[in-house]
Amino acid sequence: MAEKFHFVPNDLATLADQYDVVVIGSGAAGMTSAVQAHELGLKPVILEKMPKIGGNTNRASSGMNAAETEVQLNHHIVDSYEDFYADTYKGGGEKNNTELLKYFTEHSALAIDWLADHNIILDDLTITGGMSTMRTHRPSSMAPIGGFLVTELLKQVAQEKIPLYTDVKVTELIQAADETVTGVKVTTATGEKTIKAGAVVLATGGFGANQALLTKYRQDLKGYNTTNQPGATGDGIQLAQTIGANLVDMDQVQVHPTVQQDTDHAYLIGEAVRGEGAILVNKNGDRFVNELDTRKNVTAAIDALGGTGAYLIFDQGIRDRVKAVEFYDHIGLVKTADTIAELAQTTGLDADTLTAAVAKWNTAVDGHQDADFKRTTGMDRAIVKAPFFSIHIAPAVHYTMGGVSINHLTQVLTPAKQVINGLFAAGEVVGGLHGNNRIGGNSIAETVIFGRQAGQQVFKYLQK
């Protein structure tokens, strides 16, 4: 058993008046950009407004998409940037920013290598909805990617002695007379402070936990639950907009299809459960959708059931491939039975219908031919190994595709596509990459790919 790693944020009394670069946000994008900038010789600081480090990254479960990796070849999967691009472009309704998408797909394998160079090893593979092949990288322990990545990046931050402060809220971006960003104003428990910086990186995440902002752009999502941590309120988007940044795709909000909401807290049930072979059934016990269609389409199919939600059905063989299920079970989200008929009874479904649906699905897996819903992926194992499990799910707000406009250099742009000098952005705070639907595994990839790019481009900018 690996020893527990405990990170202690820096003491507020040591917060300096000046740094080479201020990184706002301590998720994977923020930590990656800070580590990269530090390795290039800069002195970064990471500022986190919440008491907890890691932002929404903590909640990511499936993995990190990348193409043409050594890991894929080790699993006998021959992939291409072009296929990764095509899947993501199609999955995003062909509304993706193609400049960002090209950079993203062509730098994904390098991001996996960069993590490996930092002893952050993602050597197992799974698949998510909308992908045509296995390119979702995760640790061989099959641990949920988010918590794993936050812990491992924090080890880098600690090792390199990069200052990281919690409970520090950035309230304003400071600009010089020529509109170059030269620092930030912050509020802490001890008062307000101005910090000068050669550059600022926005890595503040999305706005999925900001009901007012969500309903401003999407009135139809009023009252929806969210999978987001409470700090995902769009602060960075608003900071950037205040100084003239362009916002894009703000009405493009992803609702995740499989979220357990019968408890006080909404728990996202990761796509890897379906990627490893789980099926979805309605309240009668019948399948009703290709479970690995895009999130948008699966959500629409569940919504069409009339508010009952749906049920994930899987077995021990699938559970063995998704360690997150141990957590779901531990907190009481999973129902268990020795047979499918008993599972139906425990779950409140019709036993004959569910038994027939599972039998039909197992036949489809054996012949790799899903006549009913044309599913072609996540068919590596049938639902045959007792015990059997169900989780009740329904859609909830999960990800905001919209945000600040950037170029592939992560420079923040105005509506006239002018660069705002000194301001960079990476991660969910950015809009445009995903089009109208984000594919599972692409958000973690985005944080590392564009987090690295932000660190590199800040270095290049300060060299000038």
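As a basis for the values below, the full set of heavy atoms in this structure was taken, side chains included, without hydrogen atoms, waters or symmetry mates. In what follows, residues are counted from 1 in the order of the sequence shown.
Every residue meeting the ring-ring contact (aromatic ring centres under 6.0 Å, His included) condition with His265, not counting sequence neighbours, appears here in chain and number order: Tyr267.
Annotation: ring pair (Phe, Tyr, Trp, His ring centres under 6.0 Å) contacts involving residues 381-407, sequence neighbours excluded, comprise His256-His398, Tyr311-His392, Phe314-Phe389, Tyr399-His434.
Residues Gln254 and Asn437 have side chains that bring a donor and an acceptor to within less than 3.5 angstrom of each other. In summary, the side chains of Gln72 and Asn74 do not present any donor paired with an acceptor at a separation below 3.5 Å, with no hydrogens or angles considered. Side chain to side chain, Asp79 and Thr133 fail the donor-acceptor criterion of an N or O pair below 3.5 Å.
Taking OG1 of Thr88 as the reference point, atom NZ of Lys102 lies at 14.5 Å (rounded to 0.5 Å). Between Glu68 atom CD and Arg135 atom CZ the span is 10.0 Å, to the nearest 0.5 Å. Taking CD1 of Ile53 as the start and CE of Met31 as the end, the distance is 7.0 Å to the nearest 0.5 Å. Separation of atoms NE2 (His107) and OG1 (Thr105) is listed at 9.5 Å; rounding is to 0.5 Å.
Of the listed residues (Thr166, Thr233, Thr204), just one forms a side-chain hydrogen bond (donor to acceptor under 3.5 Å, both in side chains) with Lys49, and that residue is Thr233.
Aromatic rings from Tyr103 and Phe450 are positioned such that their centres are separated by under 6.0 Å.
Between Lys323 and Asp124 no salt bridge is recorded (no basic side-chain N to carboxylate O distance below 4.0 Å).
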